[in-house]
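The sequence lines fix the lettering, A, B, ..., with proteins before strands; numbering per chain opens at 1.
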Amino acid sequence: MHYDFAAIEKKWQDRWEVSKPYAAITGDTTRPKFYGLIEFPYPSAAGLHVGHPRPFTAIDIVSRKKRMNGYNVLFPIGYDAFGLPTENFAIKNHIHPAIVTKDNIANFTRQLKMLGYGFDWDRVVDTTDPKYYKWTQWIFLQMYKKGLAYKTTMPINWCTSCKVGLANEEVVEGKCERCGGEVVRKEKSQWMLAITKYADRLIDDLDDLDYIERVKVQQKNWIGRSYGTDATFKTNTGDDVTVYTTRVDTIFGVTYMVISPEHPLLEKWKDQIGNWDEVAEYRLAASRKSDFERGELNKDKTGVRLEGIEIYNPINGKAIPMFVSDYVLMGYGTGIVMGVPGHDQRDWEFATKFGLPIIEVVKGGDITKEAFVLKDDTGIMVNSEFLNGMTVKDAIPAMRDYAVEHGWGKEKVNFKLRDWVFTRQRYWGEPIPLVDCPKCGWVPLDESELPLLLPNVESYEPTDDGESPLAKMTDWVKTTCPKCGGPANRETDTMPNWAGSCWYYLRYMDPHNDTEFVSKEAEEYWGPVDWYNGGMEHTTLHLLYSRFWHKFLYDIGVVHTKEPYAKRTSHGMILGKNPNYIGNVDTEEEKQALIEKYGSMATRPAVKMSKSLGNVVNPDDVIKAYGADTMRLYIMFIGDFEKTAAWSDEAVKGSKRFLDRCFNLQDMVSDEEGISAANMASVHKTIKKVGSDIDELKMNTAIAALMTLVNEFYAKGLSRGDLEVLIQLLSPFVPHMAEEMWENMGFAAKHGKMAMQMSWPEYDESKTIDAQVEMAVQINGKLRGTVIVPTDSDEATVVAAAMEQERVKKATEGMQVVKTILVKNKLVNLIVKPAK
RNA sequence: GCCGGUGUGGUGGAAUGGUAGACACAGGAGACUUAAAAUCUCCCGGUAGCAAUACCGUACCGGUUCGAGUCCGGUCACCGGCACCA
C-alpha cells in the first residue's frame with residue numbers, strides 16, 4: 001500500500017472541517033476540562049515560520065491525548081494582529097493595515113489548517129476586530145476608573161533624522177533602525193499603567209504556579225524586589241535628604257553623597273550652590289545623552305561637587321560633601337545615594353577619581369585596590385563603633401533598628417519594575433477611549449459608546465512632531481465631553497501591541513459574547529488555563545503583563561482565579577544551518593577568512609534563520625515535499641523541547657521513512673485480534689512510555705519508543721491488535737495517517753469512531769515485565785559481561801549465572817568475593833580482593 | 001559584573017546514582033534489481049589485536065560512592081536574560 005500523504009491529509013482535513021471533532025463544549029459537567037494554550041501568532045506577511053509548529057504541535061499532541069483521556073478539551077487559536085510590522089508594511093505598500101491583516105490571517109489560517117491542528121476553529125479571535133477590542137478598551141476603562149491608568153510625562157525615542165517617535169524595538173544600539181540616525185529622548189505626555197502596584201503579588205504568587213523555574217527566576221529578577229532602609233540626612237540647606245540603601249550597616253563608611261542630575265532639589269538649591277553654572281552645565285549635558293550613552297558599560301564616572309552644600313551623617317554628625325553625577329538614576333529609590341566607596345565598586349571608582357576618602361567598615365578586602373563587595377553576609381564589621389565585631393548579617397538589622405529608633409531611618413522595599421508606558425504614537429492599535437475636556441479634564445467614554453472605532457485615515461505615517469497619525473484627523477479628534485457636553489478632544493495615541501494579548505485567553509472561553517467580555521459561566525468552567533506554552537522572549541513582557549491584567553480582573557470580581565495560567569512551559573528556537581560556518585570549509589586559511597569576516601558567528605554550526613543568510617525553511621515547502629504528518633513528527637523528534645535545535649533537511653527524511661514503515665505495517669499484519677503474545681511486553685511498555693512522555697513534553701523520546709516498537713514489529717511480525725494499539729498511540733502525533741490506517745484496517749467500522757476519539761490505550765503494569773532480563777555483571781565496579789536470568793532472580797541465582805561466564809571466571813580467578821551488590825534486574829557488582 | 005542554562009560519537013540527541021551512546025541522520029557492507037531509486041538485513045566512540053579481549057572515553061581538575069554523564073567543591077568555554085537598580 002502506498003502512503004499518499006497529500007491525498008490522505010486533504011481527505012481528513014476536509015472531513016474534520018465538516019465534522020468538527022475539536023469543538024469544545026462549555027459547561028459539560030460529565031467530563032473534566034482541559035484548557036491547553038499556545039501563544040497566538042502575529043500574522044506577519046511572511047507567513048508561518050518553521051518555528052511556529054514546534055510549540056503548536058507539542059500542545060496539540062498534549063490536547064489530543066487529553067481528549068483521548070476523556071477530557072473536554074479547549075485548544076483555541078487566534079491572531080494578535082495589531083502592531084508595527086503591519087503598519088510599516090501598509091505605509092510602504094499603500095494598503096490599509098486592516099486589509100493587510102485580513103490577508104495575512106487568511107494565509108496563516110490556511111497554513112495552520114494544513115498542519116492538521118486540533119484547534120476549535122469556531123472560537124478564533126482577532127485582536128483588531130472591533131468586537132474584540134471593544135473589551136480591550138472596556139478593561140482599560142475599568143483600570144482607569146480604579147486609578148491604575150494615569151498620565152505622566154515620559155521620554156519617547158525620537159529619531160533626530162526622520163523626526164518621528166520610535167518604538168523601543170525600532171531603536172538598535174541607540175540608532176534608528178531605518179535610517180541609522182541618532183535617537184534622543186523627547187518628553188511626551190503618556191498614559192501609564194500602574195503595574196508596580198502589583199509587584200509584590202506578581203512575585204509572591206509565582207510560588208503556587210507550575211511554571212518552569214527559569215521563567216519564575218526571570219520574572220523575579222525583572223521585578224527586582226529588594227529590602228533596605230530609607231535613611232534621612234540633615235543638610236545645611238534647610239531640606240533633609242533621604243537615600244535608599246540595602247546596606248545601612250555601612251553608614252560609618254559614607255564619605256560623600258550623590259544626587260541625580262534630574263533631581264528637583266537641585267533647582268530648589270540653585271541660590272545656595274556656589275558653582276551653579278557648572279552644575280547647570282553638567283545637568284544639561286546629562287539630559288542630552290541618550291539612554292544608550294548614559295547606560296554604556298564601564299564608562300568613566302563624571303560629576304560635579306555642589307559647592308556650599310553640606311550633608312550631615314546622622315550616625316555621627318560628620319559633615320560630608322555632595323556631588324551631582326549621572327551614575328545615580330532618578331527613577332530608582334530616592335534619586336540620591338550615599339557613597340560608600342569601601343564597599344561599592346561604583347562608589348569606589350567615583351571616590352578614586354575625585355580623591356575622596358575611602359573607609360573600610362567590613363574586614364576582608366583590600367580597599368586600596370577595589371571595593372570589598374561581599375558575596376555573602378558573613379563579613380565582620382570594623383570602624384563602626386557599636387557594630388564592630390558583628391557579622392554583616394547581624395549588623396544590617398541592628399543598624400536598621402537603631403535608625404528607626406532614632407527617627408532617621410525607615411524600612412523600605414524597592415522594585416526595579418517600572419510602571420508600564422501604555423501609549424504609542426501610532427495608528428494600528430486600539431484607540432484609547434478617553435476624552436480631554438478643557439473643563440472636566442480627562443473623561444472616560446461611556447461604556448455604551450464602546451467600541452471606539454479606529455477611524456480610517458489617509459496616511460499612517462507618523463507625524464513629524466511625534467504625535468500619532470490620528471492627531472491629524474480633526475473630525476475624529478474633535479468631539480464633545482461625555483460629562484459636560486462641551487467641546488473636547490479625543491486621545492489620539494493608541495494602545496501598545498501588548499494590550500490585546502493580555503486577556504485573549506479569556507475571550508476564547510466565550511468568543512461571541514456581545515454583552516460581556518466573558519460570561520461568568522464560561523470563565524468559571526474553563527479558567528484557569530491548564531497549560532500555556534510560549535517563548536522565553538515573552539517572559540517579562542506579555543506573560544507578566546497578562547498576569548497583571550488578570551489580577552486586576554480578579555480584584556474587580558470578574559474572574560475567579562488569582563492567576564491566568566496554572567502551568568507554563570517554554571520551547572527552544574529552531575535554528576537554520578549557518579552558511580558561514582567554519583566547519584563547511586577545509587583549509588585553515590578558509591577558516592581564518594570566515595572568522596575574520598563573520599567573527600564568532602562563524603564558529604556556530606547553526607544560527608537564527610534569516611532571509612539574508614538564505615537559511616529560512618518554509619513550512620509550506622516541507623509539507624509539499626513530505627506531508628504535514630512528517631513535518632509534525634520531525635519538529636517533535638528534533639530534540640529536547642526546551643533547547644534550541646537546528647533544522648536539518650536530511651533528518652526530515654528519517655521521519656518520513658518512519659511513517660512509510662508504519663504505513664507498510666498494514667500489509668504485514670496477521671489476522672489475530674488483540675495484542676500478540678510475542679509483542680505483549682513491548683506493546684504495554686510503549687503505551688506506558690509514550691503516555692508519560694507526552695505528559696512531560698518529551699516528544700522526542702516518545703517518538704523514539706514508537707520507532708523501537710515498529711522495529712520490533714518488523715523483526716517479529718505483528719497482529720491486527722498490535723497495529724490497532726500502535727495507530728492509537730500514533731494518532732496525536734500524526735493524525736492524518738493514523739485515521740487513514742484506522743479506516744483502512746476496518747477499526748473505524750469496528751468501533752464506530754475515529755482513532756482520535758478512542759480512549760487512550762491502557763497498559764497493564766504486570767504485562768510490561770519481560771520473563772527474562774539481561775543484567776550487567778561488574779567486578780569491582782567494572783563491567784565484565786552480562787547475563788540473562790529470569791526476572792526478579794535473587795542474588796544467588798544471578799551470581800551463579802555470572803560465575804558461569806568465562807570473562808567473570810577469569811576476572812575472579814584467585815580472588816575471593818568480599819561483597820556482592822545486587823540491583824534487581826539491573827546489575828550485580830562483585831567486590832573481590834586477592835585470596836589469602 | 002550579576003542571574004539562569006548548557007557542555008556526551010562525524011551529526012541531532014538518549015540515559016529515576018546502576019551495562020554510556022537508546023532512537024535517528026550521515027557513512028559502510030550485503031540482499032533484491034539489467035541498473036538506479038525505494039525497500040529489507042547487518043556494521044558503525046577511540047587505541048591495540050586476525051580474534052577473544054584489554055585499555056581509554058560524557059569540557060577540565062579534585063572529592064563522595066561498591067559504582068558518577070548524573071551528586072559535591074573548584075576551573076574553563078559557550079548560550080540566554082539583566083545590567084551604574086545603590
Verify, without hydrogens or angle tests, whether A/N615 (side chain) and A/K577 (backbone) share a donor-acceptor contact under 3.5 angstrom.
yes
A/F350 six-ring centre to A/K301 NZ/CZ under 6.0 Å and within 45° of normal
no
Closest approach to the side chain of A/Y327, judged atom by atom: which nucleotide of B/C82, B/C84, B/A26 is it?
B/C84
With C1' as the reference atom in both, quote the distance from B/G12 to B/G18 in angstrom, rounded to an integer.
27 Å
So what does A/E806 hit on the nucleic acid, given a heavy-atom distance under 4.0 Å: a base, only sugar-phosphate, or nothing?
nothing
Enter the distance from A/T686:OG1 to A/L709:CG here, rounded to the nearest 0.5 Å.
4.0 Å
Lys/Arg-Asp/Glu bridge criterion (N-O < 4.0 Å) met for A/K685, A/D770
yes
Shortest non-hydrogen contact from A/P341 to A/P357?
CG-O, 3.5 Å
Given that A/I638 and A/K819 both sit by RNA chain B, which one's nearest nucleotide is further toward the 5' end?
A/I638
Using a heavy-atom cut-off of 4.0 Å across all strands, would you classify A/R225 as base, sugar-phosphate, or nothing?
nothing
Please give the distance between the P atoms of B/G9 and B/U58 as a whole number of Å.
9 Å
Roughly how many Å apart are B/A14 and B/G80, using the C1' atom of each and rounding to a whole number?
24 Å
Over all strands shown, is A/T644 touching base, sugar-phosphate only, or nothing at heavy-atom distances under 4.0 angstrom?
sugar-phosphate
Letter per nucleotide, 5' to 3', of nucleotides 46-52 of chain B [B base touched, S only sugar-phosphate touched, - untouched; heavy atoms, 4.0 Å]:
-------
Contact nearer the 5' end of RNA chain B, comparing A/G781 with A/Y714
A/Y714
Give me the distance, rounded to whole Å, that separates B/U8 from B/A68 when you measure between the C1' atoms they each carry.
14 Å
Roughly how far apart, to the nearest Å, are B/C25 and B/C42 at atom P?
14 Å
Which part of the nucleic acid does A/T246 contact within heavy-atom distance under 4.0 Å: base, sugar-phosphate only, or nothing?
sugar-phosphate
At 4.0 Å (heavy atoms only), tell me whether A/D640 reaches a base, stays on the sugar-phosphate, or touches nothing.
sugar-phosphate
I'd like to know if A/K653 reaches the base of B/C25 with its side chain such that a donor and an acceptor end up less than 3.5 angstrom apart.
no
Residue from A/T246, A/V248, A/T242 passing side chain to side chain contact (heavy atoms under 4.5 Å, CB included) with A/Y244:
A/T246
What is the nucleic acid contact for A/N700, judged by heavy atoms within less than 4.0 Å: base, sugar-phosphate only, or nothing?
sugar-phosphate
Taking the same atom, C1', in B/C60 and in B/U11, what whole-Å distance lies between them?
24 Å
Centroid-centroid under 6.0 Å between A/F372 and A/W348 rings:
no
What is the pairing partner of B/U39, taking Watson-Crick or G-U wobble pairs with both distances under 3.5 Å in any strand?
B/A31
C1' gap between B/A52 and B/A15, integer Å
29 Å
Distance between C1' atoms of B/U41 and B/G49 (Å, rounded):
28 Å
Without hydrogens or angle criteria, can the side chains of A/D649 and A/Y626 be said to hold a donor-acceptor pair below 3.5 Å?
no
Using a 4.0 Å heavy-atom cut-off, does A/I821 contact any base of the nucleic acid, only the sugar-phosphate backbone, or nothing at all?
base
